[in-house]
Each structure stands twice: as C-alpha cells, then as structure tokens.
*Asks:* 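Okay, handing you the structure first.
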Amino acid sequence: MSGLLAEALGAAAGGCALLLIVIIIIVLCLQHRKRTSDSSESGFSDQALPESQEARCLSLEELNFATRNFSNGNLIGQGTFGEVYKGLLQDGTIVAVKRRHSPPSQEFIQEVNYLASLCHWNLVKLLGYCQEDGMQMLVYEYISNGSVSTHLHGNSHALGSRLEFKKRLSIAHGTAKGLSHLHSLTPPAVHMNFKTSNVLVDEDFAPKVADTGIPGMLDRLGVTGLSSRTFNDPFVEPRMKEAMNLNFSIQSDVYSFGVFLLELISGRKAVSDQCIIQWAQSFQESSDISVIADSRMAGGFTSQSMKELLSLTARCVNPTSEQRPSMSSVEAEIQRIREQEISLTAVMAEGTPTVTLGSQLFRTSR
Ligand SMILES: *[C@@H]1O[C@H](CO)[C@@H](O)[C@H](O)[C@H]1NC(C)=O
Ligand SMILES: *[C@@H]1O[C@H](CO)[C@@H](O)[C@H](O)[C@H]1NC(C)=O
Ligand SMILES: CC(=O)N[C@H]1CO[C@H](CO)[C@@H](O)[C@@H]1O
C-alpha cells in the first residue's frame with residue numbers, strides 16, 4: 001500500500017470516527033434533554049413503552065411446572081379474577097398467574113387479546129393465558145416490590161418511611177399516566193377497580209397498575225354481580241345509557257384516584273367514601289397540612305406543593321362526578337407539582353453538594 005493511500009484511508013477513518021463521536025454526543029444530549037424534561041428522579045425512563053403484542057397461549061403443563069402444581073406455597077393473593085400464584089417459567093420469567101374455574105370459551109380469548117392491547121409502561125403487562133382443565137388463567141409479569149398498600153399500611157411501619165414526598169409524587173405521576181392512557185383510548189378503557197392494593201411497584205418504585213379491565217371483562221363474560229357500578233335508569237334509551245355508563249366509569253376512576261392520592265399523602269387507609277367526602281369538604285374550609293400529611297415523611301416537603309396536591313385530591317373526589325378533572329389533566333397537574341417540588345427543594349438544599357452534569361449525562365436508562 002502506498003504511503004499516500006494509507007494516509008488518505010487514515011484521514012477518512014479519522015473523519016468517520018470524529019463524525020461518529022459527534023453523532024453519539026448529539027444523541028446523548030437529546031436523550032438527556034428528553035429525560036430531564038419528564039423523567040422521574042428514580043431514573044426510570046418513561047419513553048420505553050412496551051410493544052403491544054398478542055397474548056401467548058401457555059400450556060397447563062408449563063404453568064404447573066412454573067407454580068409447582070399451584071401449590072399453597074406459591075399462592076400470593078386473591079383478586080377479582082381469582083387466586084393469584086407466583087411462578088417461574090422455564091425461560092426464567094417470573095410471573096403471576098391468576099386463575100378461576102370456568103369452561104373454555106372463545107370469548108375469553110377475545111377478552112384476553114383486548115386486555116393485552118392495553119399496553120403501557122405503567123400497567124402490569126399481560127403475557128399470556130391458558131384454558132385447560134376447567135380453568136381459565138391469566139399470566140402477568142410479576143412485579144417484585146409489593147403494592148403501594150403494603151408499603152403504606154403493611155405490618156412494617158418502617159416501610160412507609162422509605163417513601164419520601166418526592167417519591168410519592170413520582171408514584172402518583174406514573175400511576176396517573178397509566179390510568180390516563182386507558183382513558184385516552186378509543187373507546188376509552190376503564191379500570192373500575194382502582195385502589196392502592198392494585199398499584200404495584202418494582203425495585204425502583206416505578207408504579208404499575210394491576211387488575212386493569214378485569215371487572216369489565218368478567219361482566220362481558222357474564223359473571224354477574226361484580227361490576228355493580230352501572231348506571232341504570234329505565235327512562236334513558238340504551239345507546240345513551242352506554243355513553244353515560246362509560247362517563248360514569250371514567251369519572252369513578254378519577255374518584256378512586258383521588259382516594260389513592262389521599263392515602264399516599266396521609267399514609268392512612270381510606271375507611272369509607274363518606275369520610276372522604278367530608279374530609280374533602282373540611283379541607284376546602286381549613287387546611288392544616290400537619291394533621292393530614294403522613295408523619296413518616298417527617299415534614300420533608302414544601303407546604304406549597306403539599307397544599308396544591310391536596311387541592312387536586314379534593315377536586316378528584318368531588319361528589320358531583322361531572323366536576324371532577326380528567327385523568328390527563330390530573331396527570332399534568334401532578335407532573336407540574338412534582339417539578340415544582342424538585343426545584344423548590346433544590347433551592348432549599350443550596351450549599352449541599354449537587355449532582356454533577358457528567359453523571360447525569362451518562363445515567364444509564366432501563
Ligand atoms: C406435579 O404433579 C405431577 C403429576 O401429578 C408430578 O409428577 C410432579 O412431581 C408434581 N410437581 C411438583 C413440583 O410437585
Ligand atoms: C360524556 O362525556 C363527554 C365529555 O365530557 C360529553 O361530551 C358527553 O355528553 C357525555 N355523555 C353523556 C351521555 O353524559
Ligand atoms: C416490600 C418489598 O418487597 N420491599 C423490597 C423492595 O425492594 C428493596 C430493594 O430495592 C428491598 O430491600 C425490599 O425488601
């Protein structure tokens with residue numbers, strides 16, 4: 001090879017390398033900008049939406065193997081759909097298997113495919129199903145760190161103290177995103193059974209809403225008496241009734257979300273709807289934050305953000321359902337409060353060491 005050619009090749013390679021480095025820097029900067037605009041402080045990326053795909057049909061043999069023949073040791077709970085078992089598939093995936101007695105049906109498969117299409121980073125993912133042996137089964141991804149309810153009201157009082165205010169805001173925000181996604185679909189999907197025990201968290205405290213669409217599914221499969229929240233007025237024509245039911249359910253989800261926020265703020269279990277409505281009314285009149293806020297947060301919040309979150313909560317549990325905000329505006333409001341809280345506390349913590357730019361730039365995404 002002549003010296004000239006080698007030199008030209010070297011220059012070209014150098015140029016390419018330089019170009020590549022520039023491209024990498026641009027991509028990193030763009031990602032950084034995107035992430036700082038709406039990432040949570042626990043660092044999970046919201047951009048990573050899982051791909052929507054059809055639910056897989058699993059064999060009973062596989063599930064027997066995964067759950068050690070549905071042994072009692074693997075039983076982790078009892079949900080709307082039925083008993084829930086923890087299992088380990090042969091490919092290493094940890095799953096939660098829900099099962100109920102029922103003969104196989106084609107409608108079940110249609111319903112499963114519908115549920116699988118409700119796909120979002122903040123919803124527990126449906127992986128597959130099985131209909132064998134007089135049983136219908138739903139196979140979900142397993143979320144490792146329990147429910148928000150366990151963290152707030154579990155036996156160990158200490159668990160809740162791990163949840164500082166900003167973490168609670170980040171959980172509320174992710175959860176609102178999940179519900180808001182459901183409501184944004186055409187036709188809107190409704191949760192119908194939203195509560196703290198149905199919000200699961202992973203090891204980074206990223207929230208995942210569980211049990212999505214199950215009450216509606218059971219209704220359509222003809223399992224009666226589960227979804228009692230239907231609008232029934234003999235003088236309203238059926239088509240109108242359908243639209244009203246849908247609105248009713250969407251607004252009930254917002255109400256339930258308000259109750260969830262209240263539990264998240266106070267650390268206390270919502271006892272009855274009546275208490276909450278009374279609470280919301282009394283909050284409008286006088287607002288003593290120190291009485292309401294969970295003492296385990298040890299006052300680690302600004303009263304401005306806390307007041308605004310409480311006011312949002314009060315709007316969500318408005319007794320007049322038409323006056324409740326939409327889930328998408330709830331999501332936007334929590335996002336705003338969260339960003340405000342982050343910047344307010346950053347100012348407060350001035351003088352303490354801050355995160356260097358480099359570590360932010362190269363923060364690994366999940
Ligand atoms: C499950 O049941 C099958 C058949 O009854 C049996 O052969 C197998 O050993 C059982 N597995 C476990 C883990 O109990
Ligand atoms: C349902 O809500 C939408 C949007 O708020 C509204 O336009 C529509 O009139 C409502 N339908 C019924 C039947 O209340
Ligand atoms: C309730 C629960 O499972 N808590 C676990 C959450 O994850 C941390 C590690 O990130 C564990 O230490 C906890 O035991």
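Whatever order the structure lists them in is the order used to number ligands and atoms, beginning at 1. Side chains are part of it too, since the values below use all heavy atoms of this structure and drop only hydrogens, waters and symmetry mates.
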*Asks:* In the complex you have, is atom 14 (O) of ligand 1 within reach of the protein, judged by whether a heavy-atom distance drops under 4.0 Å?
*Replies:* yes
*Asks:* Considering all protein heavy atoms, does one lie under 4.0 Å from atom 5 (O) of ligand 1?
*Replies:* no
*Asks:* Show me which atoms of ligand 1 lie under 4.0 Å from any heavy atom of N69.
*Replies:* 1 (C), 2 (O), 3 (C), 8 (C), 10 (C), 11 (N), 12 (C), 14 (O)
*Asks:* For atom 9 (O) of ligand 1, decide whether some protein heavy-atom distance is shorter than 4.0 Å.
*Replies:* no
*Asks:* Give a yes or no on whether Q78 atom CD has more than 12 heavy-atom contacts from other residues, nucleotides or ligands under 6.0 Å away.
*Replies:* yes
*Asks:* Quick one: pull up CH2 in W121 and CG in L123 and give me the separation to the nearest 0.5 Å.
*Replies:* 11.5 Å
*Asks:* Testing the 3.5 Å rule here: is there a donor-acceptor pair between the side chains of S249 and S252?
*Replies:* no
*Asks:* Have H183 and D253 got a donor and an acceptor in their side chains that come within less than 3.5 Å?
*Replies:* yes
